[in-house]
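In what follows, a structure is listed as structure tokens, so that the remarks can point back to it.
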Amino acid sequence: MTDKKEWPLWEVFIRSQHGLSHRHVGSLHAPDAEMAIMNARDVYTRRNEGVSIWVVRASDISASSPSEKGPLFDPANSKVYRHPTFYDIPEELGHM
Amino acid sequence: MYAQMVKTGVDHIQSKEEMSPEERAFQERVDADIKIEPKEWMPEAYRKTLIRQISQHAHSEIIGMQPEGNWITRAPTLERKAILLAKVQDEAGHGLYLYCAAETLGVSRDELLEQLNNGKAKYSSIFNYPTLTWADIGAIGWLVDGAAIMNQVPLQRCSYGPYSRAMIRICKEESFHQRQGYDALTKLAQGTPEQKQMAQDALNRWWWPSLMMFGPSDAESVHSAQSMRWKIKINSNDELRQKFVDQTVPQAEYLGLTVPDPDLKWNAERGHYDFGEINWDEFYQVIAGNGPCNRQRLRTRVKAYEEGQWVRDAADAYAAKKAARAKAKAA
Amino acid sequence: MAGQDALFEYLLRLGDNALILGHRLSEWCGHSPALEEDLALSNVALDLIGQTQLWLNLAGEVEGKGRNADKLAYLRDARDFRNVLLVEQPNGDFAVTMARQFYFDAWHYLLLRELTGSTDSRIAEIAAKALKEVTYHLERSQEWVLRLGDGTEESHRRMQEAIDDLWVYTGELFDADAVDAAIIRDGLGPDPASLRDLWLGLVRATAEEATLSLPQPGWAQKGGKQGLHSEHLGYILADLQFLQRAYPNATW
């Protein structure tokens, strides 16, 4: 049985009704892109979850390496001046 | 539970001093409720245990389609038929989400299905009992899904990211499963004498197997202790079983049905129901393959898999041809 | 034929087609070639069960004898069922199921498209809702016919066999009787014969792309629309109606 080929794995991204970006919702198996989109519709939008579907072969995704998490993401921690809360605005000015 | 008595491969719980630096860092992240993600370093035993647990859970979902599927063509109204079909379909979806979660740990769905088909992998004991009347459909929704939810809600917080996310999706979808079961039984309990009898008979047959679902007491189990330390098991079996009994007994009373346990009574001191001795011999027999439906369930699954092979192959062959044609056209 | 009688009969045909095919598809749940397919086939079945409720409730309303969709589905005997023979054919292997589905979807799609222009707004509304669902059904069954027809040698052989075997039941889809004549007269629905060329064109194009050959038009097996069924329907009803028959007047 092990020599049999399995349908490839696809990652599914759905945009919900509220105009947000496509969001990763899960994965599934399908022989090709057309079937992957149909399967995604049948598997991941049974409860009215979406208005648009993207599918990507899991093997085509390039991901950042977990071992580089420190160098990649920690440096942003110290850039506090990028956040609005860093700045004190006089209260009498109201909302800015 | 949908995963019962999952072995961890450890013989004792390591102290911090015994751990390698990686293991210690891993455990500290788990302790701090930081999710573990697929490609990150994890102890081999954690990975293997998760594969066992998640795949057992997935197998239970898809084997669990059979006892309920048994009544899809015989559901008594068009609405009940649609509800039951939608529920069994959800279970296929839940199996699918869980297999995908297991696949992030470096095992393929086909490998997992092969383990199920050749009898190496287990699934929940509960699905080896037959659905003999329509009331069994109500009883499964109410009791079996009720018991499953007890376990699945806390698992939404488990340490492994993909498993946790699958559980969140499953819990969201499952919220109607228990209700529809109780609703179907309510109709029977308020119906004709024959219908009420049907409901009582279903409770009689499903009560004890439902309590067995939580598995034997694991207060002394090193595997459970390890799984809890890894936060892939959140509550002990006894704790969940007690919670289930406490929650379910008033629901049975509301239906006017009798829980088939003469020892069942409210213990004001403990603030819990006391209940009778569970027949663990029966449980171990069912786990070992001697339940009323084990052979039938597995045969049905193997048949579906084998008879689907030419279809899956055809779709693969077509995809390859189409890709080749597109390439030739581009050249 | 009087307008109301014909309309009642016509609505039974629409409802029974959806009911029986939905029933057949629901038999696949848990037994299909992949989990993804279990979900997909169940979605089609659920759409059809929903359509059954709409058509049969309207039929009951038109009849005016207090029967609703459940009464009509669960308490008529085989001779009173009005579905075409095609939909009651057994599932067979996946190729048979997909060939049956494809033949039916292509016809169902064309029919519903016409019914959205029915002079009866109740029919037009149901048809508009169902048309969206069936457009997707047709897309899926077409994709599967392509994959099985142009897949492996084995799948091609099975698909060709299924296409050949079920062909004899397709003629009934385009056959008009007195009920249809009254429906056409009142502008409620199309002449079934008018759908034939469109259907053939659609089916032929997909078959060709799938490297399958369509049989020559020939003898058509008919009778379902008038209540003369194959032996299969009785067993479907034995399952479907068991509880309602065994426990008369109970509520579920």
Side-chain angles (χ1 to χ4, degrees), chain B residues 58 61-66 68-86 88-96 99 109 113 133-134 184 187-188 190-192 194-195 198 300-301 303-305 307-322, chain C residues 19 22-43 45-46 49-50 52-53 56-57 68-70 73-74 93-95 98 143-144 146-156 158-159 210 236 238-244 246-247 249-252:
Chain B
E61 294 280 358
I62 64 165
I63 294 282
M65 294 169 74
Q66 289 183 43
E68 290 181 280
N70 184 33
W71 280 88
I72 291 174
T73 58
R74 291 179 291 170
T77 67
L78 292 170
E79 189 179 75
R80 291 280 175 213
K81 189 179 169 73
I83 292 171
L84 180 58
L85 180 55
V88 178
Q89 181 199 37
D90 272 351
E91 276 145 26
H94 299 170
L96 188 153
Y99 284 124
R109 189 197 291 181
L113 286 176
T133 72
W134 171 252
K187 274 280 183 332
L188 299 180
Q190 295 169 351
T192 65
E194 288 97 334
Q195 283 178 303
M198 199 189 272
T300 303
R301 186 92 287 284
K303 184 165 175 278
Y305 186 82
E307 289 181 355
Q309 190 62 50
W310 71 269
V311 178
R312 297 189 297 273
D313 289 346
D316 265 335
Y318 178 83
K321 281 187 206 177
K322 201 169 56 172
Chain C
L19 172 62
H23 185 95
R24 278 294 189 219
L25 290 177
S26 76
E27 293 172 10
W28 270 106
C29 189
H31 308 275
S32 84
L35 275 176
E36 284 79 0
E37 201 53 34
D38 275 333
L39 283 134
L41 283 172
S42 299
N43 272 344
L46 285 168
I49 295 169
T52 305
Q53 289 172 303
L56 292 186
N57 274 329
N68 60 12
D70 278 340
Y74 288 87
D93 64 11
F94 196 69
M98 278 305 148
E143 292 288 348
W144 268 120
L146 291 179
R147 278 159 185 75
L148 299 183
D150 193 17
T152 62
E153 241 171 79
E154 181 183 3
S155 74
H156 177 83
R158 286 176 185 258
M159 197 65 212
I236 292 178
D239 265 2
L240 179 76
Q241 301 181 339
F242 158 66
L243 282 167
Q244 291 280 0
Y247 302 91
N249 300 319
T251 312
W252 306 90

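Not measured: the values here are computed from a predicted model. Residue numbers begin at 1 in each chain, while the letters A, B, ... track the order of the sequences.
Contacts of C:Asn249 with chain B are absent, with no heavy-atom separation under 4.5 Å from either backbone or side chain. Contact annotation for C:Ala238: neither backbone nor side-chain heavy atoms come within less than 4.5 Å of a heavy atom of chain B. Contacts between B:Leu188 and chain C at a heavy-atom distance below 4.5 Å involve the side chain alone, from C-beta outward. When heavy atoms are compared at a cutoff of 4.5 Å, B:Arg74 approaches chain C by way of both its backbone and its side chain. C:Leu39 touches chain B through backbone and side chain together, each having a heavy atom under 4.5 Å away. Of the two parts of B:Leu78, the backbone and the side chain both hold a non-hydrogen atom closer than 4.5 Å to a non-hydrogen atom of chain C. Both the backbone and the side chain of C:Ala69 come within less than 4.5 Å of a heavy atom of chain B. For chain C, no part of B:Ala184 is nearby; none of its heavy atoms comes within less than 4.5 Å. For a residue to count as touching a neighbouring chain, one of its non-hydrogen atoms must lie under 4.5 Å from one of that chain's; by this rule C:Leu146 touches chain B with backbone and side chain alike. With a threshold of 4.5 angstrom between heavy atoms, B:Lys322 approaches chain C through side-chain atoms but not through N, CA, C or O. Neither the backbone nor the side chain of B:Ala320 comes within less than 4.5 Å of any heavy atom in chain C.
At least one donor-acceptor pair under 3.5 Å links the side chain of C:His156 to the backbone N or O of C:Gly149.
For the set C:Leu148, C:Asp150, C:Leu240, the entry with the most heavy-atom pairs within less than 4.5 Å of chain B is C:Asp150. Note on B:Thr192, B:Thr77, B:Ile72: by heavy-atom pairs under 4.5 Å with chain C, the leading option is B:Thr77. Across B:Ala319, B:Ala92, B:Ala86, the residue that shares the most heavy-atom pairs under 4.5 angstrom with chain C is B:Ala92. Most heavy-atom pairs under 4.5 Å with chain C, from the set B:Ala317, B:Pro76, B:Gly69: that is B:Pro76. Ranked by heavy-atom pairs under 4.5 Å with chain B, the first of C:Ala34, C:Gly22, C:Gly30 is C:Gly30. In terms of heavy-atom pairs under 4.5 Å with chain C, the best-connected choice from B:Ala314, B:Gly308, B:Ala304 is B:Ala314. Contacts with chain B were tallied for C:Gln244, C:Glu143, C:Arg158; C:Arg158 has the most, counting heavy-atom pairs under 4.5 Å. Counting heavy-atom pairs closer than 4.5 Å to chain B, the top-ranked of the candidates C:Asp70, C:Thr251, C:Ile236 is C:Asp70. When each of B:Lys81, B:Arg301, B:Glu194, B:Glu91 is scored by its heavy-atom pairs under 4.5 Å with chain C, the top score falls to B:Lys81.
Using a 30° and 60° split on the angle between ring planes, B:Trp71 and C:Phe242 fall in the tilted class, from 30° to 60°.
Every residue two or more places apart in sequence or in another chain that forms a side chain to side chain donor-acceptor pair (under 3.5 Å) with C:Thr152 is listed here: C:Ser155.
None of B:Gln195, B:Arg80, B:Lys187 except one satisfies the side chain to side chain contact (heavy atoms under 4.5 Å, CB included) rule with B:Trp134; the exception is B:Arg80.
The two residues B:Ile62 and B:Gly95 come nearest to each other via the heavy atoms CG2-CA, 4.2 Å. Heavy-atom minimum distance, C:Ala73 versus C:Leu19: CB-CD2, 3.8 Å.
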- Query: ring pair (Phe, Tyr, Trp, His ring centres under 6.0 Å) between C:Phe94 and B:Trp310: does it pass, once the steps are laid out?
  - Reply: CA-CA 10 Å; C:Phe94 196 69; B:Trp310 71 269; 7.1 Å; no
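Looking at heavy atoms from C-beta onward, C:Asp93 lies out of side-chain contact with B:Glu307 at the 4.5 angstrom threshold. B:Leu85 places a side-chain heavy atom less than 4.5 Å from the side chain of C:Cys29.
We find the NE2-OG1 distance between C:His23 and C:Thr52 to be 11.5 Å, quoted to the nearest 0.5 Å.
Counted within 6.0 Å of CD on C:Gln241, heavy atoms from surrounding residues, nucleotides or ligands total more than 12; the atom is thus considered enclosed.
Within the structure, salt bridge (Lys or Arg N to Asp or Glu O under 4.0 Å) pairs that include any residue of residues 22-40 of chain C comprise B:Arg109-C:Glu36, C:Arg24-C:Glu27, C:Glu37-C:Arg140 (at least two apart or interchain).
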